[in-house]
Amino acid sequence: MRLRALAKINLGLDILRKREDGYHEVRMIMQTIQMYDVLKMKKVKKPGISLSVNYPYIPSDERNLVYKAAKLLMDEFQVKEGVDICLEKFIPVAAGMAGGSSDAAAAMVGINRLFKLGLSERELMDRAVNIGADVPYCIMRGTALAEGIGEKLTRIAQIPDCFVLIGKPGISVSTKMAYESLQLDKISSHPDIDGMIRDIENGDLLTMTEKMGNVFEPGIIEKYPVIGEIKDLMEDNGALKAMMSGSGPTVFGIFDDREKMEVAAAVLRESGLAKTVFATEVTKTGGKHK
């Protein structure tokens, strides 16, 4: 069995408050894009989980979310056989694109199918929150509003057709560090999430991009100015809007024209600002995992 684990971008990311349990209350619009890791999974007679990854610095034991996700379901349903999982990473690591969460989501979908556990998408999503806040969304995919700590999901209308340029500089930003550097009382500008949802429903890409925003951005750009330089380069070369995804450091640009995006991608590659440059498009409804 071969499954794609799709990357996500945050079209809008707002943080409302810090809760008493230490988590932050968020409102985000999430979108999957055509950039993905690949999981190859097969059933074996020997009990347990065997995981291999195409990069030596990525753990292949219980520290990996793929392993945790597979173990969660196999323990609950007392699966007697084992599974071999080969993970091929293409989504940049620690990039604000939910690569690890998407891998975990694909692993849960795969285990459910391989061992015929019979769980619905909703039942998988209910369990996925135990692995991480983004994992339920990565099972759902498509265009969605995420609230709470990211686990309350509402599917919304599909984003209008558009093209997405990804640029990741050669730095990593941990979500933990991003939250620690966030000063909620100093956030001067919040994205208009409700307005964005209306624009998406009306199929108005241009007006939607004008309302986009990410409250993490100012603090992270202050630490890593290269993120701001990539944003400016994309917008100077035809992006309707360029923004940092999640807690960063990846920047994505939204384009209404493939040719403009390809030109901007060439300029970005030549600039040397980004270590990873990837030109792609949004995916439509979550659809069936394949």
Chemist: Are the side chain of Asn202 and the backbone of Asp204 linked by a donor-acceptor contact shorter than 3.5 Å?
Modeler: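 Absent.
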
Chemist: If you measure only the distance, is there a donor-acceptor pair under 3.5 Å linking the side chains of Ser245 and Thr250?
Modeler: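 Short answer, no.
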
Chemist: Should Asp194 and Arg198 count as an ion pair when the cut-off is N to O under 4.0 Å?
Modeler: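 A salt bridge is absent here (no side-chain N lies under 4.0 Å from a carboxylate O).
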
Chemist: Which residues pass the side-chain contact (heavy atoms from CB on, under 4.5 Å) test with Val79, not counting sequence neighbours?
Modeler: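 With neighbours one apart ignored, the set is Met74, Phe77, Phe115, Leu117.
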
Chemist: Check whether Glu222 reaches the backbone of Glu217 with its side chain - one donor and one acceptor, N or O, closer than 3.5 Å.
Modeler: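 A pair under 3.5 Å: no.
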
Chemist: Quick one, Glu25 with Lys18, criterion salt bridge (charged side-chain N to carboxylate O under 4.0 Å, His left out). Give me CA distance, side-chain angles, the key distance, then yes/no.
Modeler: CA-CA 6 Å; Glu25 194 85 23; Lys18 189 170 186 179; over 6 Å; no

Chemist: For the backbone of Gly142 and the side chain of Thr32, can you confirm whether one donor and one acceptor N or O come within less than 3.5 Å of each other?
Modeler: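 Yes.
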
Chemist: According to a hydrophobic-cluster definition based on side-chain heavy atoms being under 4.5 Å apart (Ile, Leu, Val, Met, Phe, Trp, Tyr only), do Ile131 and Tyr137 belong together?
Modeler: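 Both belong to a single hydrophobic cluster.
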
Chemist: Taking Arg141's backbone N and O only, do any of them form a donor-acceptor pair with Arg155's side chain (distance below 3.5 Å, no angle check)?
Modeler: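 Checked: pair present.
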
Chemist: Looking at every non-hydrogen atom in both residues, tell me the closest pair between Tyr179 and His24 and how far apart they are.
Modeler: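 Residues Tyr179 and His24, closest heavy atoms: CD2-ND1, 3.3 Å.
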
Chemist: Please report the interatomic distance CD(Glu210) to NZ(Lys241), rounded to the nearest 0.5 Å.
Modeler: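 Taking CD in Glu210 and NZ in Lys241, the distance rounds to 9.0 Å.
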
Chemist: Which is it for Val277 and Ile166 under the side chain to side chain contact (heavy atoms under 4.5 Å, CB included) test, yes or no, and what are the steps along the way?
Modeler: CA-CA 6 Å; Val277 179; Ile166 299 295; over 6 Å; no

Chemist: Cation-pi check for Phe163 against Arg258: NZ or CZ below 6.0 Å from the six-membered ring centre and within 45 degrees of the axis, yes or no?
Modeler: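 Judged by the rule, Arg258 and Phe163 form no cation-pi pair.
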
Chemist: As an exercise, state the distance from NZ of Lys42 to OG of Ser50, rounded to the nearest 0.5 Å.
Modeler: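 With rounding to 0.5 Å, NZ (Lys42) is 9.5 Å from OG (Ser50).
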
Chemist: Do any N or O atoms from the side chain of Glu229 and from the backbone of Ile227 form a donor-acceptor pair under 3.5 angstrom?
Modeler: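 No; judged by distance alone, with no hydrogens or angles, the pair does not exist.
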
Chemist: Quick one: does any side-chain atom of Asn10 pair with a main-chain N or O of Asn214 as donor and acceptor, under 3.5 Å?
Modeler: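 Checking the backbone N and O of Asn214 against the side chain of Asn10, no donor-acceptor pair under 3.5 Å is found.
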
Chemist: Are Phe278 and Phe90 an aromatic pair, judged by ring center distance below 6.0 Å?
Modeler: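 For Phe90 and Phe278, the ring centres are not under 6.0 Å apart.
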
Chemist: By side-chain contact (heavy atoms from CB on, under 4.5 Å), which residues pair with Ser60, not counting sequence neighbours?
Modeler: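 So Ser60 forms a side-chain contact (heavy atoms from CB on, under 4.5 Å) with Leu51, Val53.
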
Chemist: Say you draw a straight line from CG of Leu11 to OG1 of Thr209; how long is it, rounded to the nearest 0.5 Å?
Modeler: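 Spacing of CG (Leu11) from OG1 (Thr209) equals 10.0 Å.
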
Chemist: Looking at OG of Ser52 and CG of Asp84, how far apart are the two atoms once the value is rounded to the nearest 0.5 Å?
Modeler: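 The distance works out to 7.5 Å.
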
Chemist: Looking only at atom types and distance, does a side-chain atom of Asn130 sit under 3.5 Å from a main-chain N or O of Arg127, one as donor and one as acceptor?
Modeler: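 Here the side-chain-to-backbone pair exists.
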
Chemist: For Arg27 and Gly150, indicate whether the former's side chain and the latter's backbone hold a donor-acceptor pair under 3.5 Å.
Modeler: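 Side chain of Arg27 to backbone of Gly150, a donor-acceptor pair under 3.5 Å: no, none is there.
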
Chemist: How about Thr143 and Gln158: does a side-chain donor come under 3.5 Å of a side-chain acceptor?
Modeler: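 Note: Thr143 and Gln158 side chains miss the donor-acceptor criterion.
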
Chemist: Under a 4.0 Å N-O cut-off, is there an ion pair linking Lys211 with Asp199?
Modeler: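 Judged by the 4.0 Å cut-off on N to carboxylate O distance, Lys211 and Asp199 do form a salt bridge.
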
Chemist: Is it true that Lys89 and Asp37 make a salt bridge, defined as a side-chain N closer than 4.0 Å to a carboxylate O?
Modeler: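 A salt bridge is present here (some side-chain N lies under 4.0 Å from a carboxylate O).
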
Chemist: At what distance, to the nearest 0.5 angstrom, does CG of Leu153 lie from CE of Met28?
Modeler: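 The CG atom of Leu153 sits 8.0 Å away from the CE atom of Met28.
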
Chemist: Kindly determine whether Thr207 and Met196 satisfy side chain to side chain contact (heavy atoms under 4.5 Å, CB included), including the steps that lead there.
Modeler: CA-CA 8 Å; Thr207 313; Met196 287 177 69; over 6 Å; no

Chemist: For the atom pair CD (Glu151) and OH (Tyr23), what is the distance rounded to the nearest 0.5 Å?
Modeler: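 Here the interatomic distance stands at 10.0 Å.
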
Chemist: Is a donor on one side and an acceptor on the other found under 3.5 Å between the side chain of Asp134 and the backbone of Ser101?
Modeler: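 It does not hold such a pair.
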
Chemist: Between Glu81 and Val44 (side chain of the first, backbone of the second, donor and acceptor by atom type, cut-off under 3.5 Å), is there such a pair?
Modeler: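 No, Glu81 side chain to Val44 backbone: no donor-acceptor pair under 3.5 Å.
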
